[in-house]
There are 2 protein chains.
Amino acid sequence: MPAIRSRREQYSEATRAAILDAATRRFATSGFAATGLEDVAADIQATRGAVYHHFASKKALFEAVLEEQEVIGFRWIERARAAASDPWQGAMAAMEAFLDQCLDPVYSRIVWQEGPIALGWQAWQESEKKYAYAHIAEILAELVGAGLLSPLPEETATHVCFTMLGSAGMALAQADPADQPRLRAEYGDVFRRMLAGLRATG
Amino acid sequence: MPAIRSRREQYSEATRAAILDAATRRFATSGFAATGLEDVAADIQATRGAVYHHFASKKALFEAVLEEQEVIGFRWIERARAAASDPWQGAMAAMEAFLDQCLDPVYSRIVWQEGPIALGWQAWQESEKKYAYAHIAEILAELVGAGLLSPLPEETATHVCFTMLGSAGMALAQADPADQPRLRAEYGDVFRRMLAGLRATG
DNA sequence: TCGGTTACATACGCTGTGTATGTGGCTACC
DNA sequence: GGTAGCCACATACACAGCGTATGTAACCGA
C-alpha cells in the first residue's frame, strides 16, 4: 500500500467516508427502507451517482455500514474482556460491555434492527457469524475449558446465548431511559441464573 | 351477523379467502419484498384491483396473513398444553408444540422471518405481544404460582424466553432436515438446563 | 324494471432503484 | 509544460412496484 496518496485518491477516500457516515446516520434514524440514496447523497452535497460509484447497490452500502458497526462493537467488547482477571470475570465483562454497546442507538438499530430487514434474516445471520457469533463461541469454549461450565452442544448453546443477548440489547435500546438501569439489572439477573443452570453437570 | 348471506357476499368472501391463501403461499416462498401484488392477483385469476378492494395496502394484506398464522399456531400450542397433567408438563408440552409448529415452513417464515421485515421490528413485536408473548407470560406465571420457579421479573423473563424459543424455532426451520432431530434435542437440553437455573432461589 | 350499491377491472401518477452516458479536473508521460 | 487518458462524479433515462382515481358490470331491493 502506498503511504502517500495522490490528491485525487484522498478526495475519493474522503467522499467514500462521508457517504458511509451519512448513510449510517440515515439508516440509524429513518431505517433502511425509508432512506433513499437521494437523501444520503444530498446530505453530503453530492448526487446518487457518487454513491453508486463507491457502492454497487443500496444493500452493499448498508453492508459496509453494518460491517463498520460490527467492528467497532467487537473491539469495544474484546477490550473489556481482555481487561478482566479470569475467564468468568471476562465473560461477565463482555456481557456488560455488550449491553453498553446496545445503549448506543446507532449500533443497536443498525446491527439488530435494520440488519435483518436490509439483508434478509439469513444473510444477516451469516454476517453475524463472523463477529458476535464467533466471539460468543470462543468465550463459551473458554468457560467450558476452564471447567466453569459443563460441556455443551457448542453451536446450539452459542446460538441461544447470541439471541438472548441480542434481544436483551434490543429491549434495552428501545426502553425508556428511566427504565434502562432496572431492565439492565433484571436481564443480568436472569442471565446469571440461566448460566448457573449450565454450570450443573448436564 | 346474518346466518344466511347473499350470493354476492359469498363470492366476495371466497375471493378474499383466495387472496389470503395465495398471499400466504407467495410470502412464504418468495418473501414479502419479492412478492408483488400482481403475482398474488394473478394466482387467483384476478387483478390488483381486487386485492386493493379487500385490503388497504400490501402491509395490511401481510398483517392479515400473519394474524392467521398466529391464530393457527396459538391454537395448536394451547391444545398441547391443555392435554398435559400438570403445569410443568404443560409448559414442556407447549415448548415441544412450538418447535413442531416452527417446522412448518410457512409458519416459521411468515411469523419469524418475514414478520419483522414486512411490519418493521417494532410493529412486529407489538403484534407478537398479543399471541406468543401473552402466552409465555401466562405459562411462566403459572409455573411461578405453582412454586416450580422462583419469582422472576415477569416482563424480562418473558422476553428472554420468547426470544430463545423463537430463535430456536428459526434455526430448526432452516436446518438441514437430517439435522433437525439432533438440533431439536440439543435445544431442548439447553432450555431445560437453563430453566433449571431459574428454579433455584434467586 | 329500474336505481343504487358493491365487487372488481383499467389506467395512471409517483417514488425509488439501478444503469448508461456525459464531463471536468487531476495525473502521468513525453 | 503541454496533452492524452483516466477517474470521480453528475446527468438522464429505463423500469418496477405501490397506491389511487375512475370506469363498469353484476347483483339486490323496491
Side-chain angles (χ1 to χ4, degrees), chain A residues 1-23 25-27 29-66 114 117-120 123, chain B residues 1-23 25-27 29-66 114 117-120 123:
Chain A
M1 63 182 88
I4 190 157
R5 310 167 85 84
S6 76
R7 163 120 98 265
R8 205 161 59 173
E9 280 170 324
Q10 291 178 36
Y11 284 163
S12 181
E13 187 65 24
T15 36
R16 198 195 127 95
I19 292 170
L20 213 58
D21 199 54
R25 275 198 307 274
R26 285 278 181 179
F27 287 149
T29 54
S30 310
F32 179 76
T35 299
L37 294 185
E38 191 72 46
D39 307 326
V40 174
D43 282 352
I44 60 161
Q45 278 77 251
T47 68
R48 279 172 42 242
V51 177
Y52 274 100
H53 178 73
H54 287 283
F55 302 93
S57 66
K58 187 183 179 184
K59 207 164 151 180
L61 172 58
F62 182 86
E63 276 172 341
V65 167
L66 178 71
E114 300 300 324
I117 293 177
L119 306 184
Chain B
M1 64 181 84
I4 190 154
R5 309 165 85 83
S6 77
R7 163 119 98 265
R8 205 159 58 171
E9 279 170 326
Q10 290 178 36
Y11 284 162
S12 181
E13 187 65 24
T15 39
R16 197 196 127 97
I19 292 170
L20 213 58
D21 199 54
R25 275 197 307 276
R26 286 278 181 179
F27 286 148
T29 55
S30 310
F32 179 76
T35 298
L37 295 185
E38 190 73 46
D39 307 326
V40 174
D43 283 351
I44 60 162
Q45 280 75 252
T47 66
R48 281 174 39 245
V51 178
Y52 274 100
H53 177 73
H54 287 284
F55 302 93
S57 67
K58 188 183 179 184
K59 208 163 151 183
L61 172 59
F62 182 86
E63 276 171 342
V65 168
L66 178 72
E114 300 301 324
I117 294 177
L119 307 184

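Naming convention: chains lettered A, B, ... in sequence-line order (proteins, then strands); numbering from 1 in each chain.
As rounded to whole Å, 10 Å separates atom P of D/dC9 from atom CD of A/E13. For the pair B/H53 NE2 and D/dC27 C1', the computed distance is 13 Å after rounding to whole Å. When rounded to the nearest whole Å, the span between NZ of A/K58 and P of D/dA16 equals 19 Å. Remark: C1' of C/dC14 and CD of A/E38 are 14 Å apart, rounded to the nearest angstrom. Atom CZ of B/F62 is separated from atom C1' of D/dG19 by 19 Å (rounded to the nearest Å). Regarding A/F55, its CZ atom lies at a distance of 15 Å from the P atom of C/dT17, rounded to whole Å. What separates CG of A/L61 from P of C/dT17 is a distance of 11 Å, to the nearest Å. Look at OH on A/Y11: it is 14 Å from C1' on C/dG24, rounded to the nearest Å.
Taking only side-chain atoms of A/Y52, from C-beta outward, the nucleotide of C/dT19, C/dC8, D/dC9 with the closest atom is C/dT19.
If you take CG on A/L20 and CZ on A/F55, they are separated by 5.0 Å, rounding to the nearest 0.5 Å. Residue B/R16 holds its CZ atom at 9.0 Å from CG of B/L61, rounded to the nearest 0.5 Å.
Map A/G49 and A/A34 each onto its nearest nucleotide of DNA chain C; the residue landing nearer the 5' end is A/A34.
Ring orientation note: the planes of A/F32 and A/F27 are tilted relative to one another, at an angle of 30° to 60°.
Minimum heavy-atom separation, B/D39 to B/A34: OD2-O, 4.2 Å.
In this structure, B/T15 does not reach the C/dA7 phosphate: none of its side-chain N or O atoms is under 4.0 Å from OP1 or OP2. Regarding contacts with the backbone of D/dC9, every side-chain N or O of A/T47 stays at 4.0 angstrom or more from both OP1 and OP2. Between A/H54 and D/dA8, a side-chain N or O to OP1/OP2 separation shorter than 4.0 Å is absent.
One N or O on the side chain of B/K58 and one on the backbone of B/T35 form a donor-acceptor pair closer than 3.5 Å.
Side-chain atoms of B/R48 stay outside donor-acceptor range of the base of D/dG17, with no qualifying N/O pair under 3.5 Å.
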